[in-house]
Amino acid sequence: MSRRRGVLPLLLLLLSTVAAAPLTAGILFRETAAAWGIDFEHHHGGAGEFYLIETMGSGVVAFDYDGDGDDDLLFVQSGELEGGERRTRRSALYRNDGAGAFVDVSTRAGVELDIYGMGATAGDLDGDGDDDLYLTAFGLDRLLVNRGDGTFVDATESAGALNPEWGSSASLADVDRDGDLDLYVTNYVDFAFDNNPTCGIQERGLRSYCNPDPFNGLADRFFRNRGDGTFEEATAAAGFSGATGKGMGVVFGDVDLDGWPDLYVANDLVANFLFHNRGDGTFEEVALLSGVALDEAGRPEAGMGVDLGDLDGNGLADLIVTHVDRQTNAYYSNTGGAMFVDRRWPARFAEPSYDMVGFGVVIADVDLDTDLDVVVANGHIAHNADEWGTGTTYHQRNQVLENLGAGLFREAADTGLDVVLSSRGMAAADLDLDGDLDLAISNSNARAEVYENVGASGAWVAVDVGGEGVVVGTLLEVVVGGRVQRREVRAASSYQSQNSSVASVGLGDAAGVDSLLVTWPNGTRRRFVSLPAGHRLWVGR
């Protein structure tokens with residue numbers, strides 16, 4: 001039974017009053033996967049054939065599958081490949097039992113799927129109050145319906161959300177504001193076991209994984225929710241017929257504050273997409289006009305992960321896109337009207353990523369000082385990159401770009417993100433309910449990491465939006481000391497991953513919130529005033 005059921009409408013509950021007690025002020029994490037009971041290890045199944053799919057997964061999702069008020073974790077598994085030794089591999093769902101204790105409930109929950117998984121997104125697709133799952137894969141993606149009793153059932157065929165391509169990332173939003181969640185899936189390239197060219201540095205005998213150039217891009221797919229948890233394929237009807245790229249990351253977000261969710265797709269070495277929502281259930285592709293399709297020299301970049309957030313404090317959602325080494329990660333500053341300016345170099349955001357290959361990315365106030373920082377999960381796709389002689393490596397450190405104010409950054413040192421692997425998906429959530437955001441990271445062909453945030457020293461509030469109907473797309477406007485911080489409740493972003501839907505807001509040294517304005521996707525608005533710091537709030541319509 002979801003805790004959101006049976007709650008009176010128009011109710012604000014103080015769910016917790018945990019006082020922050022950081023060990024050290026600043027940005028500091030402590031790796032705690034084993035201590036918290038999380039032992040997931042990703043397997044790509046490679047056996048020396050260098051199939052491209054082996055190096056591109058996988059993601060992690062933070063969501064409250066059992067409705068008990070804390071975020072659980074789903075790690076997506078890839079597995080064995082055709083012709084290789086067959087061993088059972090499974091995605092893993094860890095139930096959060098609080099106080100740093102997670103329990104593997106994969107078998108009971110029914111998430112052990114025979115797929116070569118990539119990523120996932122979570123949301124209430126059938127309107128029953130529980131979060132369902134959509135998992136992307138090489139092959140047929142899967143839709144798992146949450147029964148509300150801690151178990152899922154495979155409803156892929158009956159729901160009609162059929163994507164047999166190589167699905168990379170997927171996300172959810174109520175694009176037509178009809179009260180249910182629609183689904184967008186990014187598809188990557190036409191790799192097949194019999195379409196596997198030889199790549200690498202052949203003159204040195206260094207075979208490795210290909211970049212996407214030898215392959216054709218695949219068309220993304222959009223599925224419109226009929227309102228009963230079943231879907232119709234509506235890619236062309238919604239204006240996405242031109243969305244044939246090499247899709248990696250995806251995020252929905254209202255970039256022009258007109259009340260309708262727009263969509264950004266990070267493509268790999270072809271131009272990115274920004275689809276502006278016309279407000280009638282259809283979209284127009286405007287990335288080139290908006291300044292987010294290419295780099296400043298007019299070249300396509302290797303888009304991987306993506307996230308939205310107001311980095312410079314002007315009230316508009318800026319855009320971060322991660323790339324391969326020698327390209328640098330991009331920071332597109334939103335200037336209004338869905339127009340962006342590339343500020344990666346003047347904001348000192350680019351240089352720390354020059355030698356890195358960025359995948360997962362999270363925009364979050366990790367130190368609770370009132371401005372949004374950026375965390376990037378790094379790792380090369382080539383297992384032998386260390387031998388190339390270019391200065392790059394396969395295993396790479398992950399990074400925190402600390403926001404110094406107004407969207408000016410520096411790479412934070414000694415953050416505790418000490419494990420150096422080849423990282424892919426990343427999600428942020430307050431896993432221990434102490435008010436700051438922790439991190440879950442999935443690594444290619446290696447064990448996962450979970451990092452407890454032990455350094456945040458600022459005050460905070462957390463807002464969990466509930467009530468009947470769709471909450472994805474809800475806009476929160478938090479006023480502290482006359483300054484407005486905006487948060488939008490979103491489904492998936494990052495790379496093949498999804499952050500918690502609970503909004504975390506750092507207050508710095510403020511004693512509380514002057515006012516909180518909540519605007520749901522259907523236009524319902526509620527305002528609250530004089531809220532104390534150190535509380536987790538549940539806000540219902």
Side-chain angles (χ1 to χ4, degrees), residues 42 52-53 55-63 74-78 91 115-123 125 133-143 161 163-173 175 181-189 191 212 217-223 235 240 243-253 261-270 272-275 302-308 319-323 358-363 376-377 379 381 423-428 440-442 444 472 490-499:
H42 176 257
L52 182 59
I53 56 173
T55 193
M56 303 311 293
S58 63
V60 54
V61 174
F63 75 122
L74 174 79
F75 289 91
V76 179
Q77 184 62 277
S78 297
S91 295
I115 63 172
Y116 194 87
M118 288 286 153
T121 186
L125 296 174
L133 285 169
Y134 185 89
L135 288 86
T136 59
F138 176 69
L140 184 65
D141 297 346
R142 300 297 170 88
L143 192 156
N163 179 49
E165 309 285 0
W166 178 358
S168 180
S169 295
S171 196
L172 306 167
V175 303
L181 289 174
D182 309 299
L183 169 68
Y184 189 96
V185 183
T186 68
N187 287 317
Y188 191 40
V189 297
F191 163 83
L218 298 174
D220 296 347
R221 296 197 180 194
F222 173 71
F223 299 93
T235 307
F240 295 121
T244 299
K246 298 178 180 182
M248 300 287 271
V250 63
V251 62
F252 278 104
D262 309 299
L263 176 72
Y264 188 83
V265 177
N267 286 312
D268 195 358
L269 291 178
V270 295
N272 301 317
F273 303 139
L274 176 60
F275 290 99
M304 312 279 201
V306 60
D307 203 2
L308 286 166
L319 177 66
I320 296 296
V321 187
T322 60
H323 297 128
F359 278 91
V361 59
V362 168
I363 295 176
V376 183
I381 66 167
S423 298
R424 296 294 182 263
M426 176 171 59
I441 300 173
S442 181
S444 179
V472 172
R490 299 195 181 99
S493 58
S494 186
Y495 175 75
Q496 301 179 350
S497 299
Q498 181 165 320
N499 300 320

Would you please classify the geometry between the Phe138 ring and the Phe191 ring as parallel, tilted or perpendicular, with 30° and 60° separating the classes? tilted

Ring-plane angle category for Phe222 and Tyr184, please: parallel below 30°, perpendicular beyond 60°, tilted otherwise. tilted

How far apart are the closest heavy atoms of Val60 and Ala440, and which atoms are they? CG1-O, 3.5 Å

Could I get the full list of ring-ring contact (aromatic ring centres under 6.0 Å, His included) partners for Phe275, not counting sequence neighbours? Phe240, Phe273

Can you tell me if Thr55 and Arg424 form a side-chain donor-acceptor pair at under 3.5 Å? yes

Sub-4.5 Å side-chain heavy-atom contact between Val251 and Arg490: yes

Shortest non-hydrogen contact between Val306 and Val321, atoms and distance: CG2-CG2, 4.4 Å

Please report the closest heavy-atom contact between Asn187 and Gly167, naming both atoms and the distance. OD1-CA, 3.3 Å

Thr322 versus Gly305, closest heavy-atom pair with distance: OG1-N, 2.7 Å

Report the residues that fulfil side chain to side chain donor-acceptor pair (under 3.5 Å) with Asp262, sequence neighbours left out, ordered by chain and then residue number. none

Heavy-atom nearest pair, Val175 first then Pro261, reads CA-CG, 3.8 Å

Looking at every heavy atom in both Gly253 and Leu308, which two are closest together, and how far apart are they? CA-CD1, 3.8 Å

For a 4.5 angstrom cut-off between non-hydrogen side-chain atoms, does His42 reach Gln77? yes

